[in-house]
Structure formats: structure tokens, C-alpha cells
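Accompanying notes for the structure given below.
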Amino acid sequence: MKKVLALILAMLMVLSLAACSSGSSTQAESQQSGEFKPSNKTLNLIVPYAAGGAVDLGARLMAKYAKNYTDIDIVITNVAGGSGTVGAAEMLKYNADGTYMLAYNPSMANLSTADKPLTYDCTKDLTMVSMMVQDQRLITMRKNETRFSTLAEMIEYAKTNKVTIGCSGTGNVAYYFPILLARAAGIEDNLTVVPFDGSSEAKTALLGGHVDLASQSYSDIAATPDDYIVLCTAGNERFSKLQDVPTVKEAGYDLEMYVSRGFAMKAGTDEQIIKYWSDIIGKVTSDPDFLKDADGLGLPIRYMDYKEFDADNKTEMATFQKMLDEGLIG
């Protein structure tokens with residue numbers, strides 16, 4: 001009996017060692033293949049704008065499809081205010097451990113000024129995860145507008161009449177694009193920019209007749225395009241989805257302004273974590289079903305990995321800083 005028991009114990013020990021060896025081998029193979037997965041079960045994604053806007057819709061669509069590529073849950077929280085700066089400051093309160101991520105736009109709003117000092121520097125305190133969208137900036141009006149029907153007619157009208165234009169907040173591209181256009185066209189005394197707390201509120205104000213125009217993204221109007229007339233886009237070339245709409249460059253104003261949207265984490269986060277989420281978002285943006293849904297929401301998808309987007313963010317912010325230093329904005 002003792003011999004049988006000893007034999008059984010010996011067999012169990014061999015099986016146990018084999019299992020450990022197999023586990024160690026699998027782990028080693030995983031490390032050698034470059035595979036990595038964060039240890040946290042939840043990723044908290046802060047959207048620094050109100051629900052319903054283009055940034056919010058894009059973040060929620062990404063989170064929906066990310067489930068196909070990771071078992072880490074993505075929990076979204078909207079922290080609106082300050083054209084995205086309140087939510088950015090909130091995200092930066094947490095440790096750089098990969099448990100928090102920010103839906104981020106390179107924006108003039110992220111410049112610290114005497115009137116609006118920020119507690120962070122977006123080129124130093126944030127590290128980019130990936131770009132997901134590169135949207136077009138538009139000047140729109142209600143379809144039933146009768147005073148003008150083209151950009152040239154609007155500018156001519158604004159030379160002798162007051163015009164209001166709504167946008168998603170102060171200090172961002174949506175805010176400064178119409179200001180720079182008004183300066184270039186010589187109508188800055190009669191065109192007033194009215195900032196709202198998010199693009200959805202600006203849209204509501206336009207359609208409700210509370211402002212004459214709106215500075216919007218294509219994604220803001222994609223769901224109900226028949227409600228709007230688009231006077232111009234801010235690209236150097238005509239937008240593929242609005243081929244009949246002229247650019248401001250065609251009107252003689254060199255004001256190229258795109259809207260980049262992506263994700264960032266706190267600087268100092270382990271590069272393996274950054275790369276993990278950059279790769280996940282890369283997989284999402286290659287998913288045919290995601291692309292179909294994004295197109296339905298009017299989100300022009302353009303993916304950049306974490307290294308590309310980090311360089312792009314620094315370039316964009318340097319351009320905005322130069323505009324501020326030269327007195328073109330601020």
C-alpha cells in the first residue's frame with residue numbers, strides 16, 4: 001500500500017512540474033513574441049466634452065469595437081468644460097499606470113495663456129496613444145436661411161450686417177477658424193463667435209435659430225445633412241464627402257484647418273501599455289464593421305500609431321503656439 005501511495009505521489013509531482021514548465025514556457029514564448037497585456041481589468045476613458053458630440057460618439061464607437069480585441073472593459077466618463085481642458089486636467093490627476101485614458105484633440109484650447117493658465121502642458125504631460133479621426137472643419141447654416149446662400153454672399157452680407165456663428169467652445173479650432181476667416185475677409189467687426197459647451201449645443205443653437213451660422217465638423221452634420229447648407233470647408237482640397245462644397249482656399253483664404261481626434265495617456269505611462277492600446281485601436285480602425293458604422297456617423301477615420309500621433313501633436317501644437325505668439329489668436 002505504501003508503495004502504491006508513493007507511486008501516486010510521484011506521478012502527481014511529475015504532472016505538477018510539467019504544468020509549471022508548460023506555464024513558464026508559454027509565458028516565455030509570449031514575452032519572446034512581444035505580446036503584452038496590461039494587468040488592469042478596466043480602462044477609464046475620459047471624454048472631455050458633453051455627450052452626443054463627435055468626440056463622444058467616436059470614443060463610444062471605439063470602445064464598442066475594442067471588445068472584439070481585448071477583454072479589458074472600457075468605461076467612459078464625460079467631463080465637459082474649458083473646451084476639453086477640464087477633462088484633461090481630471091485625467092492627469094491619476095497615476096501614470098495605464099488605468100486612465102483621455103479622448104484628446106490637438107487644439108488651441110490646450111495652449112496656456114495669461115487669461116487662461118493651464119495646469120498642464122499637453123506636449124509634456126500627455127503622451128499620445130493613437131489618432132483615430134481626421135475631420136473637416138465646416139462653416140454651416142440652416143437650410144431655410146434666406147439672407148445668403150454662399151460663402152461670398154455671407155461675407156458681403158456681413159460687411160454691413162451683424163452675423164453670429166456658434167461653435168463647440170472657446171480656444172479651439174472651431175472657435176478660431178471663423179475668427180481668422182472674418183479677419184481675412186474684413187468682417188471681424190460684424191461677425192461674433194458664440195461658444196457653447198460642446199458641439200451638440202452649438203448644433204441645437206443653429207437649428208433653433210439662435211445663431212446664424214455654425215463652425216462644425218462633418219461628423220456634427222452627418223446624421224441629418226439635409227438640415228444644413230455647408231458654405232465652405234477648411235481643407236486645401238475638396239472633402240470627399242462634400243465634393244460640391246468649395247474650400248476657403250478656393251475663396252482666396254489660406255486657412256487650412258483639420259480636426260484631429262485620438263487618445264492620450266499621462267506621460268510616464270509604460271510604453272508597453274501605450275503600444276498595447278495603440279495596437280488595439282489600430283485593429284479597431286481596420287475592422288470593416290467599425291468603418292461602416294464610423295462612416296454612418298460621419299467620422300473620417302485616419303489611424304496613426306502612438307509614435308506618429310505624438311510627433312503630429314507636437315507639430316500641431318507648435319503651429320498653434322506660433323499663431324498665438326504672432327497675435328493671430330488669443
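It should be emphasised that the depicted structure is a prediction, and the values quoted were computed from it without experimental measurement.
For the pair Thr233/Arg238, no side-chain contact is recorded, criterion being any heavy-atom separation below 4.5 Å from C-beta on. Between Val194 and His210 there is no side-chain heavy-atom pair separated by less than 4.5 Å. Contact annotation: the side chain of Tyr253 approaches that of Ile155 to within less than 4.5 Å [non-hydrogen atoms, C-beta and beyond]. Using a 4.5 Å heavy-atom threshold, the side chains of Met141 and Asp212 count as separate. The side-chain heavy atoms of Tyr303 and Ser278, taken from C-beta on, include a pair separated by under 4.5 Å. When side chains are defined from C-beta on, Thr247 does not count as touching Asn236, because their heavy atoms never get closer than 4.5 Å. Phe290 has its side chain within reach of Ile301: a pair of non-hydrogen atoms, C-beta onward, lies under 4.5 Å apart. Looking at heavy atoms from C-beta onward, Val193 lies out of side-chain contact with Tyr176 at the 4.5 angstrom threshold.
With hydrogens and angles ignored, the 3.5 Å screen pairs a side-chain donor or acceptor of Asp310 with a backbone N or O of Met128. The backbone N or O of Val211 lies less than 3.5 Å from no partner atom in the side chain of Thr164, so there is not a single donor-acceptor pair. Lys266 places no side-chain N or O within donor-acceptor distance of the main-chain N or O of Gly98, the cut-off being under 3.5 Å.
Separating the OG atom in Ser83 from the NZ atom in Lys116 is a distance of 6.5 Å, to the nearest 0.5 Å. The line from OG1 of Thr140 to CD of Gln216 is 3.5 Å long, rounded to the nearest 0.5 Å. Here the straight-line distance linking atom CD of Glu316 with atom CZ of Phe309 works out to 7.5 Å at 0.5 Å rounding. Between Gln134 atom CD and Asp312 atom CG the span is 7.0 Å, to the nearest 0.5 Å. Between the CG atom of Leu255 and the NZ atom of Lys249 there is a distance of 11.0 Å, given to the nearest 0.5 Å. For the atom pair Asp270 CG and Met265 CE, the distance stands at 10.5 Å (nearest 0.5 Å).
Using modelled atom types, one finds no donor on one side chain facing an acceptor on the other under 3.5 Å when comparing Glu90 with Tyr100. Inspection of the Asp115 and Thr113 side chains reveals no N or O donor paired with an N or O acceptor under 3.5 Å. Side chains of Tyr65 and Asp293: a donor-acceptor N/O pair is present below 3.5 angstrom, by distance only. Between the side chains of Asn110 and Tyr120, a donor-acceptor pair is found at a separation under 3.5 Å. Side-chain contact annotation: Asn172 with Asn105, donor-acceptor N/O pair under 3.5 Å absent.
For the residue pair Gln136 and Gly235, the shortest heavy atom distance occurs at OE1-N, 3.5 Å.
Here Asp287 does not pair with Lys283 in a salt bridge; the nearest charged N to carboxylate O distance is not below 4.0 Å. Ion pair Glu35/Lys37 not flagged as a salt bridge, since none of the NZ, NE, NH1 or NH2 atoms sits closer than 4.0 Å to an Asp/Glu carboxylate oxygen. Salt-bridge check for Lys203 with Asp227: failed, with every basic side-chain N at 4.0 Å or more from each acidic carboxylate O.
Under the 4.5 Å side-chain heavy-atom criterion for ILVMFWY residues, a single connected hydrophobic cluster contains both Ile280 and Val133. Hydrophobic clustering, with ILVMFWY side chains joined whenever heavy atoms are under 4.5 angstrom apart, groups Val163 together with Tyr175. The hydrophobic cluster containing Met91 does not contain Met132, counting ILVMFWY residues as joined when their side-chain heavy atoms lie under 4.5 angstrom apart, directly or transitively. At a threshold of 4.5 Å between side-chain heavy atoms, the hydrophobic network of Ile, Leu, Val, Met, Phe, Trp and Tyr places Tyr276 and Val284 in one connected group.
Residue Asn40 is tested with Ile273, Asp73, Ile72 for a side-chain contact (heavy atoms from CB on, under 4.5 Å); the sole match is Ile72.
No more than 12 heavy-atom neighbours from other residues, nucleotides or ligands sit within 6.0 angstrom of NZ on Lys307.
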